[in-house]
Visitor: 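Pasting a structure below so you can have a look.
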There are 2 protein chains.
Amino acid sequence: MAFTQSMAVQSERYKDSHLEVDFSHSAAALDSRRMVLTRKEYELLALLVQNAGEIIPREALLWRVWGYSNQIRTRTLDVHIRRLRKKLGDYSSQYIETIFGIGYRFQPFRAPRAFQDFTAVA
Amino acid sequence: MAFTQSMAVQSERYKDSHLEVDFSHSAAALDSRRMVLTRKEYELLALLVQNAGEIIPREALLWRVWGYSNQIRTRTLDVHIRRLRKKLGDYSSQYIETIFGIGYRFQPFRAPRAFQDFTAVA
DNA sequence: ACGGAGTTGTAAAAGTTTTGTAAAAAGCGG
DNA sequence: CCGCTTTTTACAAAACTTTTACAACTCCGT
């Protein structure tokens, strides 16, 4: 069977050397150990991970995860970020970056090396 | 995400180190002792067991066992889960897991957990 | 370097929703 | 009716989310 690269379809899964997220199962694992996340925690993580390397403004997060329109004053995002970071343990500072005055950014562990050459496992 | 049973492998019986379910005879045994189950209790257990490792949403259980459509407010599922758990005795916490806000999941006894079985959303 | 305004971090409290449970009520076949 | 099963009721308990209150930090102008 030929390997076919799906088109613009977003990947069903994220994986780096420590974190793994299975979007189709709404599941995440850190160092192969299941992460126990609440729904909001998962949604937040998924959104960040799906946009790895990109800054996501607070407004966007609040809209996509909470459905909040602008101009709503709430600290729930911060609290959820904190809980996520806690569950990411020692890696949290590697993974979730605060962009002051704008939002947050998820960074793949140890910087992404654009399309790693898959030396096909022969 | 829609719950689908199409992926479930249909087998005539289930067996692990403590629990055995014979679907063709609608019978179950715990540690080789026959479980005395009512009809609904059996149907609920069977549905869970046939989808071992998978989360079954409340809605799906209510539909498949009770024929209830959505939007019906009832606690009968919870009550049946409780009775089942009671009859599973000490193993109940091993077997029937509550997935908060979603539904329930039956886990084979002490099964080595594969990543796919993990569900972050609690 | 300093200071202030605004932003983010954090712990704990408060609020909301979901699930667990016992007991009563209702349903059902014999 | 009777006995068993199922469902509802009414709270209790647990899980989850949001707010609160204040500490800590960042940016930026002076």
Visitor: Which part of the nucleic acid does A/Thr76 contact within heavy-atom distance under 4.0 Å: base, sugar-phosphate only, or nothing?
Guide: base

Visitor: Side-chain N or O of B/Arg73 less than 4.0 angstrom from OP1 or OP2 on D/dA10?
Guide: no

Visitor: Just by protein heavy atoms under 4.0 Å, how would nucleotides 3-9 of chain C read 5' to 3' in B, S and -?
Guide: ---BSBB

Visitor: Ignoring hydrogens and angles, tell me if any N or O in the side chain of A/Ser11 forms a donor-acceptor pair with the backbone of A/Arg13 under 3.5 Å.
Guide: yes

Visitor: How close do B/Thr74 and B/Arg58 get, heavy atom to heavy atom, and via which atoms?
Guide: O-NH2, 4.0 Å

Visitor: Show the nearest heavy-atom pair for residues A/His80 and A/Lys40, with the distance to one decimal.
Guide: NE2-CB, 3.4 Å

Visitor: Taking all atoms of both residues into account, what is the closest heavy-atom pair of B/Ile56 and B/Leu47, and its distance?
Guide: CD1-O, 3.5 Å

Visitor: According to side chain to side chain donor-acceptor pair (under 3.5 Å), who are the partners of B/Tyr14, at least two apart in sequence or on a separate chain?
Guide: B/Asp16

Visitor: Measuring to OP1 and OP2 of D/dT17, would you say a side-chain N or O of A/Trp66 lies under 4.0 angstrom away?
Guide: no

Visitor: Could you tell me how the ring of B/Phe109 sits relative to the ring of B/His18: parallel (under 30°), tilted (30 to 60°) or perpendicular (over 60°)?
Guide: perpendicular

Visitor: Tell me the interatomic distance from B/Arg83, atom CZ, to D/dC4, atom P, rounded to whole angstroms.
Guide: 14 Å

Visitor: Would one find a side-chain N or O of A/Thr38 under 4.0 angstrom from OP1 or OP2 of D/dA15?
Guide: no

Visitor: Tell me: CG of B/Leu62 to P of D/dT6, nearest whole Å?
Guide: 15 Å

Visitor: Between C/dC28 atom P and B/Arg39 atom CZ, what is the distance in whole Å?
Guide: 15 Å

Visitor: For the pair made of NZ in B/Lys40 and C1' in C/dG29, what is the distance, rounded to whole Å?
Guide: 14 Å

